[in-house]
Amino acid sequence: MSLIEELRWRGLLHQQTHDDLEARLAKEPITCYAGFDPTADSLHVGSMIPIIGLMHLQRAGHRPIILVGGGTGLIGDPSFKAAERALLTKEDVARNVARIQKQLEHFLDFTGPNAAVVRDNGDWLSQLPLIDFLRDIGKHFSVNAMLSKDSVRQRLEDRDHGISYTEFTYSLLQAYDFLALFEKEACRLQLGGSDQWGNIVAGIDLVRRIHGEETYGFTLPLVTKSDGSKFGKSETGNVWLDPARTSPYTFYQFWLNQADADTSRYLRFYTFLEHAAIEDLERQIAEEPHKRAAQRALAEAVTRMVHGDAALANAIEASEAMFSGDLKGLDEATLNDVFAEVPSAVIPHSVLGAGRGLIDVLVEAQVFPSKGEARRLIQNGGLYLNSERIDDAETPLNAASLLTGNIAIVRKGKKNYHLLRFE
RNA sequence: GGUGGGUUGCCCGAGUGGCUAAAGGGGACGGGCUGUAAACCCGUUGGCGUAAUGUCUACGAAGGUUCGAAUCCUUCACCCACCA
């Protein structure tokens, strides 16, 4: 199966610029790149898709370049955005570039004949004299054509927001990136999210006009959910790749909780499992959905790829502890580990003997914003202390409230844990 | 610049003197069912309070009328429509 067939089978090929891309890829190894915006200091599950694309290319023998946008990040991509973007400071961009680069390095192989490389477009964009840029690059772009692009049109129609000259120029800078990588690295293929189509085509045109050479591009799909809500959000917000922002446990849970209708697509997008294995999991979704074998396989594969085996093992252990309902058998070290990322409050040991009500202490520990809310939850049967339901709002807090010597576990609803640590 | 309409709780939206902490919907949260799902059903959704016909805060802002105002009056701010 050719690389393009493989990508197509996985649903990863959205649009391609040339019908003969498949033949070109089969002919000889190609150098390809995808760009990553340093708008935050971490990538998230949505922005992982182009990395997956690069991984497939590298596995097929091609040479991937990770391009981080240390230059373009100072401008901001206006494509399909509703409003002018706030500019990041140079320091922020530099910091984000460094962190994202480190994150990305973990997905590709930097050794061997088709070792991946990392480039930062700040290296050439920040050195670019404006006059040269306008003479050599700007001349090749028709404003009329740029104005008609979908990616900028909505900003032109919106009189409240408009688009600045700065953002308008973004597309040229990105086209220039392709030219620069073509010249410096003999790079002939760009991939990106579906919102990058216009920028990719602009780059290909520029290389053709200046060098008369043909380069290629394709886009990967935007990841969507079958129920129409936005992909990549958990209860607590965006799902990031950085374990400091989204813990491996939350990350694992995010995948485990995917809807049946979406899991098959995500297995194809995000894992490198064999076709037969994926088809088998798809059959299991249809035949015995309650076992969630596909979700488990998805969560395991992606968590392992992003966070490694040890973090995956912890995430599974924590999941079992939290959802088995019984915490009693666990020792303090395990508890600390399992609940490491859960919000915790430190309470002086002395309150245990003070005859305080549980609710009072929980409000003080900021487990609840008000006593009324705590009472309401108890009334609805949603508060648990050490996995036992609390049904009396007047329950006192004392030594019997402890799970182990120093720890008590409060649960709000099914999944919302708080750790109380007594010192 | 003129005229008219608007600004209500997380969001939308009803309410034109007391029965209004404010209908209804959405969202969110909890419970049930279940597969840590979807759908569905039930409940909760300003603070304090065990509770009350309790108390404080709240209907763009500030004043005023009234026993009593989200509701009436005045000024200010912002938004929208039409006219110039």
Side-chain angles (χ1 to χ4, degrees), chain A residues 45 82-83 158-161 224-239 246-267 281-300 302-303 312 314-327 330 338-339 341-343 355-385 387-397 409-418:
Chain A
V45 287
D158 185 346
R159 288 159 69 218
D160 288 342
H161 295 297
T224 56
K225 285 173 63 171
S226 54
D227 66 3
S229 60
K230 196 170 184 295
F231 173 78
K233 298 267 187 193
S234 72
E235 296 89 1
T236 39
N238 268 328
V239 178
T246 299
S247 70
Y249 166 76
T250 304
F251 189 85
Y252 175 83
Q253 285 284 323
F254 168 77
W255 295 104
L256 187 63
N257 282 311
Q258 293 303 326
D260 295 354
D262 291 321
T263 302
S264 157
R265 261 185 319 128
Y266 299 166
L267 278 167
L281 289 164
E282 288 168 351
R283 184 186 53 71
Q284 292 186 55
I285 294 174
E287 290 174 8
E288 38 188 15
H290 56 283
K291 290 193 177 167
R292 290 188 299 157
Q295 280 92 337
R296 279 179 218 286
L298 174 67
E300 279 185 30
V302 186
T303 306
L312 170 64
N314 283 341
I316 292 174
E317 186 189 8
S319 296
E320 281 168 5
M322 288 206 192
F323 291 98
S324 68
D326 187 22
L327 301 167
L330 302 174
V338 166
F339 291 97
E341 77 203 49
V342 148
R356 304 283 307 280
L358 176 63
I359 286 185
D360 285 335
V361 178
L362 292 181
V363 171
E364 273 168 36
Q366 303 192 330
V367 175
F368 290 101
S370 71
K371 292 186 195 175
E373 185 161 327
R375 257 185 231 114
R376 236 173 268 134
L377 191 75
I378 289 173
Q379 198 183 321
N380 287 332
L383 183 71
Y384 299 80
L385 180 65
S387 59
E388 278 174 21
R389 181 180 276 179
I390 300 292
D391 40 32
D392 179 7
E394 299 312 304
T395 302
L397 184 78
I409 307 285
V410 174
R411 194 176 107 214
K412 302 197 285 186
K414 285 196 175 98
K415 306 181 186 178
N416 200 340
Y417 285 88
H418 279 77

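Quick note: numbers below take in every heavy atom, side chains included, and nothing from hydrogens, waters or symmetry partners. Letters A, B, ... are given to chains in the order of the sequence lines, protein chains preceding strands, and every chain is numbered from 1.
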Pairing string, 5' to 3', for RNA chain B - Watson-Crick or wobble contacts under 3.5 Å, brackets [ ] where pairs cross, | to another strand: ((((((((.[[[..)..(.....]]]((((((.......))))))(((.....)))...[[[[[..)....]]]]]))))))).

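- Screening residues 368-380 of chain A for side-chain hydrogen bond (donor to acceptor under 3.5 Å, both in side chains), with sequence neighbours left out, gives A:D360-A:K371.
- Partners of A:N314 under the side chain to side chain donor-acceptor pair (under 3.5 Å) rule, at least two apart in sequence or in another chain, do not exist in this structure.
- Between A:G232 and A:V45, the closest heavy-atom pair is CA-CG2, 3.6 Å.
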Base-contact (B) and sugar-phosphate-only (S) positions in nucleotides 39-48 of chain B, heavy-atom cut-off under 4.0 Å, - elsewhere: ----BSS-SS

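- By the side-chain contact (heavy atoms from CB on, under 4.5 Å) test, A:A297 pairs with A:L281, sequence neighbours left out.
- Between the C1' atoms of B:G9 and B:G15, the separation comes to 14 Å (whole Å).
- Nearest approach of A:Q295 to A:D260, heavy atoms of both residues: NE2-OD1, 2.9 Å.
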Please list, pair by pair, any protein nitrogen or oxygen found under 3.5 Å from a nitrogen or oxygen in nucleotides 35-38 of chain B.
residue	atom	partner	partner atom	Å
B:G35	O4'	A:H290	O	3.3
B:G35	O6	A:D260	OD2	2.8
B:G35	N1	A:D260	OD1	2.9
B:G35	N1	A:D260	OD2	2.8
B:G35	N2	A:D260	OD1	2.9
B:G35	N2	A:Q295	NE2	3.3
B:U36	O2'	A:N257	OD1	2.9
B:U36	O2	A:Q253	OE1	2.8
B:U36	N3	A:Q253	OE1	2.9
B:U36	N3	A:Q253	NE2	3.1
B:U36	O4	A:Q253	NE2	3.2

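- Nearest heavy-atom pair, A:T224 versus A:Y266, reported as atom, atom and distance to 0.1 Å: O-OH, 2.7 Å.
- In this structure, A:Y417 has its ring center at least 6.0 angstrom away from the ring center of A:Y384.
- Separation of the P atoms belonging to B:G25 and B:G46 is 15 Å when rounded to the nearest angstrom.
- For the side-chain hydrogen bond (donor to acceptor under 3.5 Å, both in side chains) condition, the pairs that include at least one residue of residues 281-294 of chain A, sequence neighbours left out, are A:S264-A:E282, A:R268-A:E282, A:D280-A:R283, A:D280-A:Q284, A:R283-A:E287, A:E288-A:K291.
- Here A:A315 pairs with A:Y252 under the side-chain contact (heavy atoms from CB on, under 4.5 Å) rule; sequence neighbours left out.
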Could you list, one pair per line, each protein nitrogen or oxygen that sits under 3.5 Å from a nitrogen or oxygen of nucleotides 23-26 of chain B, together with the distance?
none

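- Nucleotides B:C12 and B:G27, compared at atom C1', are 10 Å apart to the nearest Å.
- The separation of B:U3 from B:U74, taken at their P atoms, amounts to 14 Å, rounded to a whole angstrom.
- Listed by chain and number, the residues in a side-chain contact (heavy atoms from CB on, under 4.5 Å) with A:L397 are A:V351, A:L352, A:L358, A:V361, A:S401, A:F422 (sequence neighbours excluded).
- Legend: residues meeting side chain to side chain donor-acceptor pair (under 3.5 Å) with A:R296, ordered by chain and number and at least two apart, are absent.
- Residues satisfying the side-chain contact (heavy atoms from CB on, under 4.5 Å) test with A:Q366, not counting sequence neighbours, are none.
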